[in-house]
Amino acid sequence: MARNRTFNPGFAITQTAVCSLLVSAVLQLPLANQAYAQAQQTRQECEAAQAANTAKRRRRPGGRVDCSQLPEADDKIVETVVDGKPRRRAPGAVNDARLKEEQTFTVLREDVEESPVPRPSVNDYKDSVVFPDRWRIVEAIGYTDNWWDPYNRNTLKGDVPLHDDWFFNLGVISDTIYEGRKVVTPVGLQTTADAGDIDLFGNTEQHSVIQQVAMEFVYYKGDTVFRPPDYEFRFIPVFNFNHTVVNELAGINANPQRGVRRDDAFVGIQGAFIDVHLRNVSDNYDFDSIRVGIQPFNNDFRGFLFQDNQLGVRLFGIRDNNRIQYNLAWFRRLEKDTNSGLNDIGEAPREDDVFIANVIWQDLIALGHFSQFSVVHNRNREDEFFYDVNDIIQRPASLGFERFRNYDVTYLGFSSDGHFGRINLTHSMYAALGEQNRGPFVNQRTDIRSFFAAAEVGADFDWVRLRGSVLWASGDDNPFDDEENGFDAIFENPQFAGADTSYWLRQGVPLAAGGKVTLSTRNGLLNNLRASKEHGQSNFTNPGVRLIGVGADFDILPELRATVNVNQLWFDQTEVLEVARQQANVDESIGTDVSLSLIYRPFMSQNIVARLSYAALLPGKGFEQLFGDDTQHSLLFNLVLTY
């Protein structure tokens, strides 16, 4: 295919000049052909005269005829060099200085195949094309907006601004849970669903179905590729439906007339805040920001002390090119809905305040390892009776004197997360120091002195990750003295030793008949003898817990992971249990917790995640003394769909 035109480098081509050159080329085609014919005729005449002169063996008048000075009349396209670069010229145009210095046109001969692409006309050129912003430039090459596709161009996922540089992001998560479990269930105080139940505990079979839909609306200003947004407004409503069947009356409601089945629905607000970018403090976008409203917060890497969505004010930022991160926060805890665990903004906030100051320092100990130092103060002044929606007393807890308490406790913490070479390490240590106006079993002021430590070590071997876990939360060895040594968190949600796949972490085990106080709370690890995690106060007169566990993750397929965990559990101290249950010589052994889970991601992403897990608690001697020797177990199916 012959090219229509070539341009000399360095020659400034404007749209008007391009059109002029095209017109000039068309007009010069016949002139170039005429010059070509004349050059051919002149050369032929010269060569004939030279031949005749040679035949007569004498010179023509005026000297010998030299045809080499005549211009070339070759009928091929000739390659020439202009300004050091090769150019192609038309026959007969070699002596045209203008064409040699400015531009050269290729004359299309009849025997050369012509390009199927038509020559552009003057109307095909425009002065400029206007785009509303730089994010829409790709529309010119055919990219379209698909609202249903979260991975390609989508205005609902913040890929294109709604106006100016304001963006909108919509997130939707559907979380479906089916759980069949065998959990110690007290026999109702007033009556029972089974006339044969004459002991403390009755039928242990329970079933529940939970459907939850969380929607996240984010409206923010600014490009977030290298820096936080200038302004951000976030709203997260969560819709919950739960269905539960417990085969003992008064197991799910204090009123036995409510039966053994409960269907409930609730809408909670898990996020509603404004985030303002205050300033940049370096060229690397180190910054200070403030966030006000209901917001998520996790004080440490594994959720041991305080992980919740609460109402508060948080000042945060980074320094030293994101090497140092800090948080200064105050939270006023909201009341929770009993059956869903979501925030209930219809109730007045609790008289419970959490003050937090922490610093996360990257690469402090080793490259790739994060260190965190934190100071957390919890101030509680709750002095009114509170019953949950199932008419069960929550504050004060039905333990000991059942009197109002208030406390001030400060947690000093050091946590880390990262790796040393191929060894992964996560750890947390806390000291809880404070005082309480009275303890559960004494009517006098008490000092709080309790401790917590946990660590998980892991290593990867091709498609297998091996883990080892240890944990200790101190227990109180004398519930009648003026010092409380049992460690309790503010609102725990531990991602540790199997997390909610583990039976002990997933299930809440009641301490005694009536279900007023639990030994350990649901989605919790500590044996804190609370009324509940959602409504109850922290309790530092508790037996504590010790754990040693091993686990492994097997990436069988890119889409399929299997996880196995085995944890051995003990009470740290048993004196509080013996007093609360009026039962002597309780052994420390809780038992062995064994769990297996399969996680399937069909698209190798988090958009569809299915999990099936089974867990069993093989009772130790202490558990048998308190609850009997039946093996406790749970089966969990969880399907998460994310947009």
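We're numbering straight along the sequence, starting at 1.
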[atom1] ([X]) with more than 12 external heavy atoms under 6.0 Å:
X: Arg261; atom1: CZ; result: no
X: Phe637; atom1: CZ; result: yes
X: Tyr151; atom1: OH; result: yes

Decide whether [X] and [Y] meet the rule of one side-chain donor and one side-chain acceptor closer than 3.5 Å.
X: Arg181; Y: Gln206; answer: yes
X: Thr426; Y: Asp417; answer: yes
X: Asn638; Y: Tyr178; answer: no
X: Asp587; Y: Ser589; answer: no
X: Gln394; Y: Asp388; answer: yes
X: Glu205; Y: Asn247; answer: no
X: Gln606; Y: Thr642; answer: no
X: Asn567; Y: Asn565; answer: no
X: Ser428; Y: Gln372; answer: no
X: Asn358; Y: Asn299; answer: yes
X: Asp353; Y: Trp330; answer: yes
X: Gln632; Y: Thr204; answer: no
X: Tyr411; Y: His377; answer: no
X: Ser597; Y: Ser613; answer: no
X: Asn390; Y: Asn339; answer: yes

Short side-chain to backbone donor-acceptor contact, [X] and [Y], under 3.5 Å:
X: Asn154; Y: Asn146; value: yes
X: Asn542; Y: Phe487; value: yes
X: Tyr220; Y: Arg234; value: no
X: Ser398; Y: Pro396; value: no
X: Asn527; Y: Gly544; value: yes
X: Asp337; Y: Ser340; value: yes
X: Glu578; Y: Val576; value: no
X: Asn255; Y: Gln257; value: yes
X: Gln310; Y: Leu334; value: yes
X: Thr592; Y: Gln568; value: no

Below 4.0 angstrom, N of the basic side chain to O of the carboxylate: do [X] and [Y] qualify?
X: Asp308; Y: Lys336; result: yes
X: Glu179; Y: Arg522; result: yes
X: Glu588; Y: Arg546; result: yes
X: Asp553; Y: Arg467; result: yes
X: Arg302; Y: Glu456; result: yes

- Item | Minimum heavy-atom distance between Thr446 and Glu484, given as atom pair plus value |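 So the minimum-distance heavy-atom pair works out to OG1-OE2, 2.6 Å.
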- Query: Do you know the tightest heavy-atom contact between Leu170 and Lys157?
  - Reply: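 Taking Leu170 first and Lys157 second, the nearest heavy atoms are O-NZ, 2.8 Å.
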- Arg314 NZ/CZ over Phe316 ring centroid, <6.0 Å and within 45° of normal: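 Satisfied, under 6.0 Å and within 45°.
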- Item | Over-ring placement of Arg395 relative to Phe386, 6.0 Å and 45° cut-offs |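 Cation-pi check for Arg395 and Phe386: passes.
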Going by heavy atoms in the side chains, are [X] and [Y] under 4.5 Å from each other?
X: Phe491; Y: Asp352; value: no
X: Trp472; Y: Asp572; value: yes
X: Leu596; Y: Thr563; value: no
X: Asn539; Y: Leu399; value: yes
X: Gln270; Y: Asn343; value: yes
X: Ser595; Y: Tyr614; value: no
X: Ile599; Y: Val609; value: yes
X: Pro602; Y: Glu559; value: no

- Message: Would Thr155 and Phe168 count as a side-chain contact (heavy atoms from CB on, under 4.5 Å) here? Give the steps.
- Response: CA-CA 7 Å; Thr155 303; Phe168 175 75; over 6 Å; no
- Item | Test log, rule side-chain contact (heavy atoms from CB on, under 4.5 Å), inputs Val209 and Ile177 | CA-CA 6 Å; Val209 176; Ile177 294 175; over 6 Å; no
- Which pairs with one or both residues in residues 488-504 pass salt bridge (charged side-chain N to carboxylate O under 4.0 Å, His left out), sequence neighbours excluded?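 Of all non-adjacent pairs touching residues 488-504, those that pass salt bridge (charged side-chain N to carboxylate O under 4.0 Å, His left out) are Asp488-Arg530, Asp500-Arg506, Asp500-Arg611.
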For the residue pair [X] and [Y], categorise the inter-ring angle as parallel (less than 30°), tilted (30 to 60°) or perpendicular (more than 60°).
X: Phe404; Y: Phe385; value: perpendicular
X: Phe304; Y: Phe496; value: perpendicular
X: Trp504; Y: Phe623; value: perpendicular

- Message: Is there a salt bridge (Lys or Arg N to Asp or Glu O under 4.0 Å) between Asp629 and Lys621? Walk through the geometry before answering.
- Response: CA-CA 8 Å; Asp629 59 358; Lys621 185 176 180 180; over 6 Å; no
- Task: Using side chain to side chain contact (heavy atoms under 4.5 Å, CB included) as the criterion, point out the one residue from Arg405, His535, Arg350 that pairs with Glu382.
- Result: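 The single option meeting the side chain to side chain contact (heavy atoms under 4.5 Å, CB included) with Glu382 is Arg350.
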- Query: Run the side chain to side chain donor-acceptor pair (under 3.5 Å) check on Gln212 and Ser174 step by step: do they pass?
  - Reply: CA-CA 6 Å; Gln212 196 157 268; Ser174 171; over 6 Å; no
- Qualifying residues under ring-ring contact (aromatic ring centres under 6.0 Å, His included), relative to Tyr219, sequence neighbours excluded: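 So Tyr219 forms a ring-ring contact (aromatic ring centres under 6.0 Å, His included) with Trp166.
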- Message: Apply side-chain contact (heavy atoms from CB on, under 4.5 Å) to residues Asn169 and Phe217 and explain how you reach the verdict.
- Response: CA-CA 6 Å; Asn169 187 23; Phe217 304 89; over 6 Å; no
- Full working for side chain to side chain donor-acceptor pair (under 3.5 Å) between Asn380 and Gln537: CA-CA 8 Å; Asn380 184 279; Gln537 295 173 294; 2.7 Å; yes
- Item | Pair Phe331 and Phe306, ring centroids less than 6.0 Å apart |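 So the answer is yes for these two rings.
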